[in-house]
Amino acid sequence: MSSITEVGHEEAEAPPESGRETATTAEDEVTLKPVKPEAAAEGNSAYINIKVTSQIFPDVIVRAKRGVLLQCVMDMYCGKHSLKPNAVVFLDEEGKNMRASQTEEEAGLDDGHSISVNIAQLGGSGRYSA
């Protein structure tokens, strides 16, 4: 068997496959110490949670790294719901259009903010002439 490694703990060796006990020395023993997550300062965490609301789909909460382009969030949402990215428009809480080339800081998003996804419509303001 190979050794088992758990995130946040030191590596410990598994017992031998044969079931025979082996003598261990003080150098071979490894103690596992749980690692406590450090509380990040308010607004300085590495990730932010963004709530994505839609007209036709249930709300989705996306956890994204700070500094990542909104293109990744938009592509993930469109891929999950089988939408074409050019068929929908992403709006911030104030109703302004969000570009895919923006980061969350440039768009003014912070932890807990929401994005609206609406079906894109072009035209519709002119008179109907038959």
Which heavy atom of [X] sits nearest a heavy atom of [Y], and at what distance?
X	Y	answer
Met98	Ala107	CE-CB, 3.5 Å
Glu106	Thr103	OE1-N, 3.1 Å
Val73	Ala64	CG2-CB, 4.2 Å

query = Does the distance from a Lys or Arg side-chain N to an Asp or Glu carboxylate O, for Asp75 and Lys80, drop under 4.0 Å?
reply =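 No, no charged N to carboxylate O under 4.0 Å.
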Residues 83-95, side-chain donor-acceptor partners within the protein, below 3.5 Å, at least two apart:
unit_1	atom_1	unit_2	atom_2	d
Asp92	OD1	Glu94	N	3.2
Asp92	OD1	Gly95	N	3.1
Asp92	OD1	Lys96	N	2.7
Glu93	OE2	Ser114	N	3.0
Glu93	OE2	Ser114	OG	3.4
Glu94	OE1	Lys96	NZ	3.4

Report yes or no: does [X] contribute a side-chain atom to a donor-acceptor pair with the main-chain N or O of [Y] at less than 3.5 Å?
X	Y	result
Asp111	Asn49	yes
Glu104	Gly67	yes
His81	Cys78	no

message = Just checking Phe57: does its CZ atom have more than 12 heavy atoms from other residues, nucleotides or ligands closer to it than 6.0 angstrom?
response =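 It does: Phe57 CZ has more than 12 such atoms within range.
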message = Around atom CD of Gln55, are there more than 12 heavy atoms from other residues, nucleotides or ligands closer than 6.0 Å?
response =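 Enclosed.
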Do the side chains of [Y] and [X] get nearer than 4.5 Å, heavy atoms only?
X	Y	answer
Leu109	Ile50	yes
Val52	Val117	yes
Val60	Lys51	no
Leu69	Gln102	no

key: Met74-Val68 co-clustered via ILVMFWY side chain contacts under 4.5 Å   =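 No.
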ask   = What distance do Arg66 atom CZ and Ile48 atom CD1 have between them, rounded to the nearest 0.5 Å?
value =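 So the CZ of Arg66 and the CD1 of Ile48 are separated by 5.5 Å.
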request  = Supply the atom-to-atom distance Ile56 CD1 to Asn118 CG, rounded to the nearest 0.5 angstrom.
outcome  =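 It is 10.0 Å, given to the nearest 0.5 Å.
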